[in-house]
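This report refers to the structure that appears directly beneath it.
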Amino acid sequence: LQDCSTFQSEDIGRGVSWLKSRNRAWWLTSWQIVMDRYPVLGERIVVSTWPYDFKGIYGYRNFTIQDEAGAYLVRANSVWFFFDTLQGRPVRVQDEDVSGYGTLQPRLEMDYAPRHIALPEVCEERVPLVVAKHHIDTNHHVNNAQYVEIARELLPEDFQIGQLRAEYKKAAVLGDRIYPRISFTDDGAAAALCGEDKSPYAVIWLGRRREENHD
């Protein structure tokens with residue numbers, strides 16, 4: 001999904017180099033990803049993305065993965081904010097920044113969850129880890145997908161993910177120490193990936209997949 005949005009931005013001339021030349025970056029604040037069906041090995045899929053709104057400092061983007069018949073495998077929503085890398089603060093989106101996207105497409109039909117994820121009160125403490133080079137993205141922060149991978153490592157082997165939500169609080173950088181904490185419920189698990197001050201870099205909700213499936 002990340003690659004798909006990157007490819008679109010590059011295709012319309014609003015990619016990484018264009019943003020960097022203007023001291024701008026899009027930073028992700030939250031994900032919601034619903035797995036309707038897992039694809040099978042060798043299955044042909046279509047990955048799509050489109051922005052459906054820009055408001056103030058925020059951009060809103062949907063994603064889908066479909067099979068050849070057009071049925072949804074994955075539906076997703078994401079919220080981003082526009083950042084001035086020189087001033088170190090969020091800035092409002094201007095027409096020039098997004099004009100290449102053309103007419104905005106309608107918002108995808110799905111059950112939209114709140115952006116904020118409640119922190120678990122009672123958690124299991126897990127082994128801390130140190131941010132390494134392979135965790136880092138083009139903004140010199142831990143890539144958003146890496147937080148999800150860290151959270152997935154905390155799950156038991158038989159846990160199948162049916163929905164993923166991620167809220168990003170602050171950016172971890174090379175050499176930072178991350179302290180994972182996780183809490184399990186009947187319908188999923190909430191993981192807080194915290195710094196040494198116990199405040200979270202990211203909170204990840206991993207919903208259990210329902211028994212009914214199409215495998």
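- For the pair Ala191 and Ala151, the tightest heavy-atom approach, listed with the atom from each and the gap, is CB-CB, 4.1 Å.
- Under the rule for a side-chain contact (heavy atoms from CB on, under 4.5 Å), the partners of Ala189 that lie at least two apart in sequence or sit in another chain are Leu155, Phe159, Ile182, Phe184.
- Between Phe82 and Trp26, the distance from one ring center to the other falls under 6.0 angstrom.
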- Step by step, would you call Arg75 with Asp36 a salt bridge (charged side-chain N to carboxylate O under 4.0 Å, His left out)? CA-CA 8 Å; Arg75 293 168 294 151; Asp36 294 297; 2.8 Å; yes
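- Taken together through direct or relayed side-chain contacts under 4.5 Å among Ile, Leu, Val, Met, Phe, Trp and Tyr, Phe81 and Trp31 form parts of separate hydrophobic clusters.
- Val47 places a side-chain heavy atom less than 4.5 Å from the side chain of Leu1.
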Carefully, step by step, assess Trp50 and Ser48 under the rule side chain to side chain donor-acceptor pair (under 3.5 Å). CA-CA 7 Å; Trp50 63 94; Ser48 304; over 6 Å; no
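- Between Tyr168 and Tyr147, the ring-plane angle classifies as tilted under the 30° and 60° cut-offs.
- Leu28 and Val203 fall into different hydrophobic clusters, where Ile, Leu, Val, Met, Phe, Trp and Tyr side chains are chained together by heavy-atom contacts under 4.5 Å.
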**Prompt:** Arg24 and Asp97: salt bridge (charged side-chain N to carboxylate O under 4.0 Å, His left out), yes or no, with the steps?
**Reply:** CA-CA 9 Å; Arg24 295 290 188 269; Asp97 303 319; 5.5 Å; no
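- In terms of heavy-atom proximity, Ala171 sits nearest to Asp176 at O-OD2, 4.4 Å.
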Identify all side-chain donor-acceptor contacts of residues 58-67 below 3.5 Å with residues at least two apart in sequence or on another chain.
{"from": "Arg61", "atom 1": "NH1", "to": "Gln8", "atom 2": "OE1", "distance (Å)": "2.7"}
{"from": "Arg61", "atom 1": "NH1", "to": "Thr49", "atom 2": "OG1", "distance (Å)": "3.0"}
{"from": "Arg61", "atom 1": "NH2", "to": "Gln8", "atom 2": "OE1", "distance (Å)": "3.3"}
{"from": "Asn62", "atom 1": "OD1", "to": "Leu108", "atom 2": "N", "distance (Å)": "2.7"}
{"from": "Asn62", "atom 1": "ND2", "to": "Ala76", "atom 2": "O", "distance (Å)": "3.2"}
{"from": "Asn62", "atom 1": "ND2", "to": "Asn77", "atom 2": "OD1", "distance (Å)": "3.3"}
{"from": "Asn62", "atom 1": "ND2", "to": "Tyr112", "atom 2": "OH", "distance (Å)": "3.3"}
{"from": "Gln66", "atom 1": "NE2", "to": "Gly70", "atom 2": "O", "distance (Å)": "2.9"}
{"from": "Asp67", "atom 1": "OD1", "to": "Ala69", "atom 2": "N", "distance (Å)": "3.0"}
{"from": "Asp67", "atom 1": "OD1", "to": "Gly70", "atom 2": "N", "distance (Å)": "3.0"}
{"from": "Asp67", "atom 1": "OD1", "to": "Ala71", "atom 2": "N", "distance (Å)": "2.8"}
{"from": "Asp67", "atom 1": "OD2", "to": "Arg37", "atom 2": "NH2", "distance (Å)": "3.4"}

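- Taking both residues in full, the closest heavy atoms of Glu10 and Gly15 are given as OE2-CA, 3.4 Å, listed atom of the first, atom of the second, then distance.
- No donor-acceptor distance shorter than 3.5 angstrom exists from the side chain of Gln2 to the backbone of Asn144, with no hydrogens or angles considered.
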Side chain to side chain donor-acceptor pair (under 3.5 Å) between Arg115 and Thr29, worked out: CA-CA 8 Å; Arg115 182 163 60 90; Thr29 182; 3.1 Å; yes
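- Val93 and Phe83 are assigned to two separate hydrophobic clusters, defined by single-linkage of ILVMFWY side chains at heavy-atom distances under 4.5 Å.
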Practice prompt. Output, in order, the C-alpha distance, side-chain angles, deciding distance and verdict of side chain to side chain donor-acceptor pair (under 3.5 Å) for Lys170 and Ser199.
Written response: CA-CA 9 Å; Lys170 61 180 182 178; Ser199 66; 2.7 Å; yes
